[in-house]
Structure formats: structure tokens, C-alpha cells
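These values consider heavy atoms only, across backbone and side chains, with no hydrogens, waters or symmetry-generated copies. Worth saying up front: this structure is predicted, and the values here are computed from it rather than measured.
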Amino acid sequence: MSGEEAKCKILVTHPEVPQAAIELLSRSCEVIMCESLPTKRSEILEKSKGVDGIFWGGHDALNAEALDAAGPQLKSISTMSAGIDYVDVPEVKRRKIPLGHTPIVLNDAVADTAVGLLLAAARRFHEGRLKIETGSWETFHLNWMLGQDLRGSVVGFFGFGGIAKTIAKRLSSFDIDHVLYTTRRRASEETELEYKAKKVDFDTLLAESDFVIAAAPLTSETAGVFNATAFGKMKKSAVFVNIARGGLVNQKDLYEALKTNQIFSAGLDVMTPEPLPTNDPLLSLPNIVLIPHLGSATERTRSEMAVIAAHNVLRGLAGEPMLSPAY
């Protein structure tokens with residue numbers, strides 16, 4: 001960019017956006033930073049007035065209110081996330097504003113997290129730690145604290161996008177038997193062969209899977225799909241993992257399923273609400289592993305997400321296709 005274009009104003013809505021992205025934006029544009037931490041919506045709305053592009057760095061609602069605050073000159077927006085359930089996509093689309101996001105680049109980090117949760121839940125890591133802390137470590141039993149094997153297991157994915165495929169690739173080295181998946185559209189024959197995967201309906205996925213991994217976007221159709229009915233159809237030995245969005249799960253029903261040993265265990269990186277209250281019943285259970293939404297939380301991944309989001313905004317301003325468009 002040069003000349004008048006060099007004066008484009010870009011709002012960055014979060015003060016902790018990695019420096020690599022800020023430097024990239026600053027080469028050709030005036031960068032306006034939000035400074036509040038936690039972020040304040042009032043600051044975002046005030047500083048967005050008159051900007052040409054927005055780097056949406058948090059998970060505040062990106063809706064008509066935010067778009068109206070910026071004004072009709074707004075030409076480009078990118079989030080720094082893969083999921084965009086906090087974005088009113090139809091409204092952004094209606095206004096013909098290019099919207100970017102940052103999937104794919106976080107696949108590896110989230111997949112690593114999923115495998116960690118799955119192993120920890122299957123092998124009762126949290127419960128084992130509690131045994132140590134309470135002086136309940138027993139050495140006289142042969143069958144004490146037995147967990148579930150990955151070897152020879154059936155792994156079911158609710159959603160089979162890039163993250164799910166990356167998880168499946170990692171799990172293949174644990175000698176799982178095969179993969180089941182539930183999606184709207186069937187994957188290609190080549191993909192199914194590569195991952196030893198088969199598309200099945202949701203009920204079959206629940207009934208036949210030893211491990212069930214939620215890896216679908218949060219939509220009106222997927223909200224609360226993992227409820228008492230779903231958990232009731234799973235094996236008593238099943239391990240449930242959610243690395244997608246907390247809204248996919250009815251947590252009261254999950255609590256009951258775990259407390260009554262209707263399913264074996266669970267591992268969650270996402271939950272509702274976030275942060276989870278310190279008195280939430282899930283925290284009282286020994287057979288659940290909870291981590292605070294750490295899926296993409298590595299320095300490399302967050303930096304790469306930020307740089308892609310920055311490129312998205314700049315390309316949108318230039319009238320060029322975004323690196324990673326949301327639509």
C-alpha cells in the first residue's frame with residue numbers, strides 16, 4: 001500500500017495481540033490499539049469509529065452494534081480464532097464486509113491438547129493425583145486404578161474437519177482399530193481410506209465408539225447435542241472429550257453421567273460458562289479432566305494466528321482475497 005492507502009486505520013481490539021501482527025499492520029496502516037485488559041466493550045466501540053479495518057482479537061460479540069459503531073467506511077474484518085460463533089456472520093455478510101478467521105494453523109496445537117485430554121481421562125490421571133493427595137495410593141491390589149486402552153479402540157468424531165483429522169492422524173500411531181464420524185457431508189473416499197474412517201449417524205457413533213470426541217462448530221443444530229439421551233447411548237466404558245465449544249454439551253447431564261458412572265470419564269478444554277465457576281459440580285468429580293481452554297495456547301500457534309488475521313485484514317482493505325476467508 002502507498003499514498004492514501006497508507007493512511008488506512010486499523011483497530012486492534014485486544015492489547016495482547018502478538019507483536020508480529022502489529023508490526024505487519026503498522027508497515028502500511030495506522031494502528032489503533034485497545035488498551036483495557038480485560039477488554040472493555042465501550043473502548044472497542046469508541047475507538048472503532050471511522051476505522052477502515054478491524055483486527056478482532058477477543059471473543060466479544062461482533063454484531064450490528066459493533067459494525068454500526070465503526071461506520072459505513074469499514075472495509076475489512078478478521079478474527080483471531082477458528083470458531084466464529086460470537087460473530088453475527090449474516091449481518092457482516094449483509095453489509096458486504098469481507099470477514100476472515102484463522103482455522104488450520106491451530107489444528108496441530110488443538111489436536112495435541114485433545115490427545116492429552118483423551119489419555120489423561122482414559123488413564124485416570126486426575127483421579128490418580130487425588131489418590132496421592134489424600135493418602136489413598138494403594139499398592140496391594142493387582143487391579144487398582146485400571147483405565148481404558150487406546151489400542152484396538154474405536155474413536156468417534158462428532159465433526160470431521162481439519163482439527164478432527166489431525167487428531168485422528170495422531171491417534172493412528174496408538175494402533176486404534178478404526179474411526180467413525182458424524183457430519184452433514186461424507187468425506188472423500190481417499191480421506192476415509194487414509195483414516196480408516198466411516199460415516200455413521202449420531203446414534204451409531206455413540207453406541208459403537210470407545211472414545212467420543214466433540215469437534216464440531218457450535219450452531220443452533222449442534223447446541224446441547226451431548227445431553228442425557230446421548231450419554232445414555234454411549235458405552236459405560238466410553239471416554240468423552242470436548243475440544244470444540246462448551247455449548248455442545250449439557251453440562252448438568254454430563255455431570256450426572258459421570259457421577260453415576262454411566263460413562264467412564266471425560267476431558268474438557270471448553271465449557272460453559274468460561275471461566276467455569278469455582279463451585280461448579282464438575283469440579284467435584286474424580287473422573288473428569290478439566291483445562292481452561294488451552295487448545296491453541298502455544299506461543300508459535302498464537303503468533304501464526306495473529307499474522308494470518310493481520311494478512312486477512314490487509315488483503316480485505318486492498319480488495320484482494322483473504323488468506324482465510326470465513327465465507
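Under 3.5 Å, the side chains of Arg302 and Ser296 contain a donor-acceptor pair of N or O atoms. No side-chain donor from either of Gln148 and Ser237 sits under 3.5 Å from a side-chain acceptor of the other. The closest side-chain donor-acceptor pair between Asp60 and Thr39 falls under 3.5 angstrom.
No single ILVMFWY cluster, assembled from side-chain heavy atoms under 4.5 Å apart, contains both Leu62 and Ile10. Phe55 and Val92 fall into different hydrophobic clusters, where Ile, Leu, Val, Met, Phe, Trp and Tyr are joined by side-chain heavy atoms under 4.5 Å apart, directly or via other members.
For Glu304, the side chain to side chain donor-acceptor pair (under 3.5 Å) criterion is met by Arg300, not counting sequence neighbours.
The aromatic rings of His59 and His293 sit tilted relative to each other, their planes meeting at an angle between 30° and 60°.
When each of Glu192, Lys165, Lys198 is paired with Tyr181, the side-chain hydrogen bond (donor to acceptor under 3.5 Å, both in side chains) condition holds for Glu192 and for no other.
Aromatic rings from Phe202 and Phe226 are positioned such that their centres are separated by under 6.0 Å.
The salt bridge (Lys or Arg N to Asp or Glu O under 4.0 Å) analysis of residues 131-141, with sequence neighbours excluded, yields the pairs Arg129-Glu133. Screening residues 280-289 for salt bridge (Lys or Arg N to Asp or Glu O under 4.0 Å) gives no qualifying pairs among residues at least two apart or on separate chains. For residues 101-123, every residue pair satisfying the salt bridge (Lys or Arg N to Asp or Glu O under 4.0 Å) rule, not counting sequence neighbours, is listed here: Asp108-Arg170, Asp112-Arg170.
Both tests do not hold together for Lys169 against Tyr195: distance to the six-membered ring centre under 6.0 Å, angle to the ring axis within 45°.
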Side-chain donor-acceptor distances from residues 152-162 under 3.5 Å, at least two apart:
{"unit_1": "Ser153", "atom_1": "OG", "unit_2": "Leu150", "atom_2": "O", "d": "2.6"}

Side-chain donor-acceptor contacts of residues 247-254 below 3.5 Å, not counting sequence neighbours, with atom names and distances?
{"unit_1": "Asn250", "atom_1": "OD1", "unit_2": "Lys252", "atom_2": "N", "d": "3.2"}
{"unit_1": "Asn250", "atom_1": "OD1", "unit_2": "Asp253", "atom_2": "N", "d": "3.0"}
{"unit_1": "Asn250", "atom_1": "ND2", "unit_2": "Asp253", "atom_2": "OD2", "d": "3.4"}
{"unit_1": "Gln251", "atom_1": "OE1", "unit_2": "Thr272", "atom_2": "N", "d": "2.6"}
{"unit_1": "Gln251", "atom_1": "NE2", "unit_2": "Thr272", "atom_2": "O", "d": "2.9"}
{"unit_1": "Asp253", "atom_1": "OD2", "unit_2": "Ala228", "atom_2": "N", "d": "2.8"}

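Contact annotation: the side chain of Glu221 approaches that of Arg184 to within less than 4.5 Å [non-hydrogen atoms, C-beta and beyond].
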